2 protein chains.
Amino acid sequence: MQLLASYLSGSWSQGSGGKSALVNPATEAVLAEVSNGGHDLAAAFAYARDKGTAELGALTFAQRGALLASLAKAIHGAREALIDLAVANGGNTRGDAKFDVDGGAMTLSFYADLGAKLGSTKLIADGEPIQVGRTARMGGQHVWARRRGVAVHINAFNFPGWGLCEKLACALLAGMPVISKPATATALVAHKMMELFAPLLPTGALQMLVGPAGTLLDNVGPGDVVAFTGGSTTARTLRTHAKIVEHSVRLNIEADSLNAAILGPDVDLSSETGGLFIADVVKDMTQKTGQKCTAIRRVLVPADKHADVAAAIAERLGGIQIGDPSLENVRMGPLATAAQAKDIKAGIARLAEATDSIYGGTGDITPVGVPAGKGFFVGPVVRSTKDPMNCAPLNEHEVFGPCTTLGIYDGTAAFASAFVAMGQGCLVSSAYSDDRDWVAAFVGAAAPWAGRLYLGSSKMAAQSPGPGTALPSLLHGGPGRAGGGEELGGERGLQFYMQRTALEGDASVLKSLLG
Amino acid sequence: MQLLASYLSGSWSQGSGGKSALVNPATEAVLAEVSNGGHDLAAAFAYARDKGTAELGALTFAQRGALLASLAKAIHGAREALIDLAVANGGNTRGDAKFDVDGGAMTLSFYADLGAKLGSTKLIADGEPIQVGRTARMGGQHVWARRRGVAVHINAFNFPGWGLCEKLACALLAGMPVISKPATATALVAHKMMELFAPLLPTGALQMLVGPAGTLLDNVGPGDVVAFTGGSTTARTLRTHAKIVEHSVRLNIEADSLNAAILGPDVDLSSETGGLFIADVVKDMTQKTGQKCTAIRRVLVPADKHADVAAAIAERLGGIQIGDPSLENVRMGPLATAAQAKDIKAGIARLAEATDSIYGGTGDITPVGVPAGKGFFVGPVVRSTKDPMNCAPLNEHEVFGPCTTLGIYDGTAAFASAFVAMGQGCLVSSAYSDDRDWVAAFVGAAAPWAGRLYLGSSKMAAQSPGPGTALPSLLHGGPGRAGGGEELGGERGLQFYMQRTALEGDASVLKSLLG
């Protein structure tokens, strides 16, 4: 049995004490084990602070970008092995696995290019020079400066590859050393990436704790930052963690999100826009078995289109084979863990009390190619409600799996945006319409409740990535329930790892500081 | 006896139950009282959400800017009355009072001008359009959108006027209704401003709770924001407040700050730069009796200049009359409260255990024009240490009064920036030097530890506002110990009250949304 080691203080550490098993979620076969503790985490922080900070600080943005490019290349070189691990350990279909692995490499490449663009500047200008005195001599200039400290990354189980890469790309390009902790259950992909990355990076730039967090956060101090993706319960623990509170440690949280998709009243289902809407809803239910933080959970359709939308979605779902994702014809695998499957079944049961069944009942299925009774499977479930604004389970609880709920509405942008707001803050919501006035009214009222608004329309349908895809050039994060964080978004993604500082003084001195 | 009312839900509310007294800190004469509770705060939140949000949302940036201009005008119209209140209730000299009152008006005017510039746009563009698909047709655009919710402002005792105005200027211009809570002890200025502002603002735009916070924060929910200025103990309570944690309520904190001032090794004390340095140190000790969050607390001087710096500061301090600030010749008043005076004496005692006395001993003085034994007075105190990096009380504890400590150093930029970092995050630090290489080395290493770096030099000495003045065009806030917040900084000050959202879709649709 493989015992997955952590990469800490420049070497591989197997830890000690009790062990946790990593399994294949389709077959429940044990794939590897990991120690639950026994690592010197204080030493790892010191190593990052001493070695990592100095090594990264000696490099320009361009040089750090070149490092990211080398990581992307390493992923490409080991792509098939990584995909196999994602299929085995993540319950991913091959398509799901590519989405995770290629997404990680693509994000690294994007930030490699940004590094090249930033070149050898030490301070990034934020805005233009400002006159703050009587004459132009007395000036101000805001800059972004590299923070000194350690970036702690706590990643979610659903994207072990992409999650690792998108966080480390921003941190390393900004110049902060990283200690990354993948979710234990699906850590094989991240562990393999660490094996690939370790020889390519400067001393102390990247460390990885595989296994439970243990006392990891007890080591954070001034200057450090913590970026977390996961559930709201853990998010609350982080927000109130004694060391985080004591040192005002910067915390970026991406948590639960009740993303909505809204079909505009102008859209015919047979149109390009209508087709995009149906395709996006079905994709978000089934891709990664619905385990995307950006997936559509709540759908709003005009009353007169409800029956057609329900039928179209049901027809698509009926053609999707569910089972062992290593089989070629299977288009949807299991959930990643037994605990997730249990939570989702409970969430569907809660929804079932307040909604009608459109497809899949409460998710019981018989997967193909799996030993009887094995695997963490839940089938696609579509529920429906006539009163989506007052359906508490729909608007309060994220069911993190292949489940969505249709609600009917009056077709107004006011209702649509109020429905987005009912989610109390989301990562993304989407509207499908070719009526610009309707879209403008929707955006104005919905924007404060979403980190991203995806506007589906006929002109972009052919090349849309769909709302469920987080792109490196656009912000990923959302207000309120979604955690209030911001990641990616091009240069914006570096800001969490840098300090915005106002420089004040002789304008010519300020100019010279920006080189 | 005047009972100060709160302005809540569109009318003045006197509250009920026990009362707290507001006193003249020079004479301890009681000036007014305030109820400790008895207000319907849930109703105030509902009033802000319903009325305030709608009223402010119906206005353009330009119209909201015009409102701010009317508030500034109202302050100018009542300037003498406000100054008198600040002198009586704040222990302010007339100069201190003008700094607070005029600073408030100036900040309102600044944001009024920004509103005019932003005009009638609904969404503020953040950066340029981005191509996110295969062709330019599929685009992205980041925008700032007005948040829907209530802005809760909890202000500090030291700037009842400026603190009120700088926070409300940003919130109201962004379009969020405000519930403001001044510190009880010095609330007379804020209360008077509320009387001036109430008739000028739309329904529900601004409310004020005068007295203890009570259950104020139990009413916050999704979309709301809380901005706090004050001590680190209260800051910790806010960070872990159940409602703030539950709803990921956005929190801006400006707390303790161990601001440093460093004399560069190239500077002769008789030069313009040297003169500016001495003047700024003395000003920050005595202006507002050292009760500025931006005041210099830690001073670094090259060893060979220590004696001259100590002598120059002592000479200036010796000429400053301390006593009842309503007297014309008095240049420094008392501390604002008995509790503050006690804390400062305790802080000086702690410093005294680890430092040598340069001036003022431990702060005992006999103030002029004050009844014997009355008033919350502490005299200016200068301490000194040969080992500033290892002087724990100096680098760990903010003495929020007329006290500063000189440390000697080797004159290197590396030492200077490491000393700034020892404060674990500050609002502002300053360096005085005409050696550009030294300044560049200092800025590169110190910038991540400060919200603002003030660079004193010969060319700007004649028109410098000093490091202790927060300007509306430059960010105010700092990392780590300083709370990790950001206020002001021109348009940056609006960002806390707005949501940054990525719009994704047909590029021509996105363009039309920005008007």
Side-chain angles (χ1 to χ4, degrees), chain A residues 122-123 130 132-135 137-138 140 142-143 145-148 222-223 236 239-240 245 247-248 250 253 421 424-425 436 439-440 443-444 447-448 450-457 459-460 463-464 471 473-475 479-481 483-484 486 489 499-506 509 512-513, chain B residues 122-123 130 132-135 137-138 140 142-143 145-148 222-223 236 239-240 245 247-248 250 253 421 424-425 436 439-440 443-444 447-448 450-457 459-460 463-464 471 473-475 479-481 483-484 486 489 499-506 509 512-513:
Chain A
K122 287 282 177 191
L123 300 167
I130 300 160
V132 303
R134 286 192 315 276
T135 76
R137 170 64 76 180
M138 179 69 209
H142 291 89
V143 298
R146 179 172 81 102
R147 280 173 79 97
R148 310 301 200 272
R236 276 172 215 183
R239 282 192 202 284
T240 55
V245 171
H247 297 296
S248 305
R250 223 183 244 195
I253 286 179
Q424 300 192 351
R436 288 196 179 192
V439 168
V443 168
R452 181 161 52 95
L453 286 181
Y454 167 95
L455 307 170
S457 66
K459 295 281 175 54
M460 50 68 100
Q463 57 176 312
S464 164
L471 298 168
S473 58
L474 297 181
L475 275 180
R481 191 195 300 276
E486 284 189 338
Q499 174 65 31
R500 182 151 63 172
T501 304
L503 303 180
E504 182 181 6
D506 176 349
V509 169
S512 72
L513 286 170
Chain B
K122 287 282 176 190
L123 299 167
I130 300 160
V132 302
R134 287 190 317 276
T135 76
R137 170 64 76 180
M138 179 69 209
H142 291 90
V143 297
R146 178 171 82 102
R147 281 172 76 97
R148 309 301 200 270
R236 277 172 213 182
R239 280 191 203 286
T240 55
V245 170
H247 298 296
S248 304
R250 225 184 242 194
I253 286 178
Q424 300 192 350
R436 288 197 178 191
V439 169
V443 168
R452 182 162 50 96
L453 286 180
Y454 167 95
L455 306 170
S457 67
K459 296 280 176 56
M460 50 69 100
Q463 57 176 312
S464 165
L471 298 167
S473 58
L474 297 180
L475 274 181
R481 191 193 300 277
E486 285 189 340
Q499 174 65 31
R500 182 151 65 171
T501 304
L503 303 180
E504 183 181 4
D506 177 348
V509 170
S512 72
L513 286 170

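Residue numbers start from 1 in every chain, and the chains themselves are labelled A, B, ... in the order their sequence lines are given, proteins ahead of strands. From a predicted model like this one, the values you see are computed outputs, not experimental measurements.
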Hey, is the main chain of Ala450(B) close enough, under 3.5 Å, to the side chain of Thr501(A) for a donor-acceptor pair?
yes

So which of Val143(B), Val245(B), Ile253(B) has the biggest tally of heavy-atom pairs under 4.5 Å with chain A?
Val245(B)

For Ser457(A), is it the side chain, the backbone, both, or neither that has a heavy atom closer than 4.5 Å to a heavy atom of chain B?
side chain

Does any backbone or side-chain atom of Leu123(A) lie under 4.5 Å from a heavy atom of chain B? Answer side chain, backbone, both or neither.
side chain

Value rounded to 0.5 Å, distance of CD in Gln499(A) from CZ in Arg148(A)
11.5 Å

Val443(A) versus chain B, the contacting section by heavy-atom distance below 4.5 Å
side chain

Bottom line for Ser512(A): the part with an atom under 4.5 Å from chain B's heavy atoms is side chain

Picking from Arg134(A), Arg436(A), Arg236(A), Arg147(A), which has the most non-hydrogen pairs under 4.5 angstrom with chain B?
Arg436(A)

Tell me, side chain or backbone of Leu513(A) under 4.5 Å from chain B's heavy atoms, or both, or neither?
side chain

Spacing of CZ belonging to Arg500(A) relative to NE2 belonging to His142(A), to within rounding of 0.5 Å
7.0 Å

Comparing Gly489(B), Gly444(B), Ala447(B), Ala440(B) against chain A, the one with the most heavy-atom pairs below 4.5 Å turns out to be Ala447(B)

Any idea which of Gly484(B), Pro479(B), Gly505(B) has the most non-hydrogen atom pairs under 4.5 angstrom with chain A?
Pro479(B)

Measuring only between side-chain heavy atoms, which start at C-beta, is Leu455(A) closer than 4.5 Å to Met460(A)?
no

What's the spacing between Glu504(B) CD and Arg452(A) CZ if we round to 0.5 Å?
5.0 Å

I need the residue from Glu486(A), Arg146(A), His247(A) with the largest number of non-hydrogen atom pairs under 4.5 Å to chain B.
Glu486(A)

Between Ser248(A) and Gly480(B), the two heavy atoms sitting closest are OG-O, 2.8 Å

Within this structure, what is the CD-CG distance for the pair Gln463(B) and Asp506(A), rounded to the nearest 0.5 Å?
9.0 Å

Under the rule for salt bridge (Lys or Arg N to Asp or Glu O under 4.0 Å), what residues qualify as partners of Arg239(B), not counting sequence neighbours?
none

Selection from Lys122(A), Arg481(A), Gln424(A) maximising heavy-atom pairs under 4.5 Å formed with chain B
Gln424(A)

Give the minimum heavy-atom separation between Val132(A) and Gly140(A), together with the two atoms involved.
CG1-N, 4.1 Å

Highest number of heavy-atom pairs under 4.5 Å with chain B among Leu471(A), Ile130(A), Val509(A) belongs to Val509(A)

Using heavy-atom distances under 4.5 Å, tell me whether Leu503(A) contacts chain B through its side chain, its backbone, both, or neither.
both

For Arg250(A), is it the side chain, the backbone, both or neither that has a heavy atom under 4.5 Å from a heavy atom of chain B?
neither

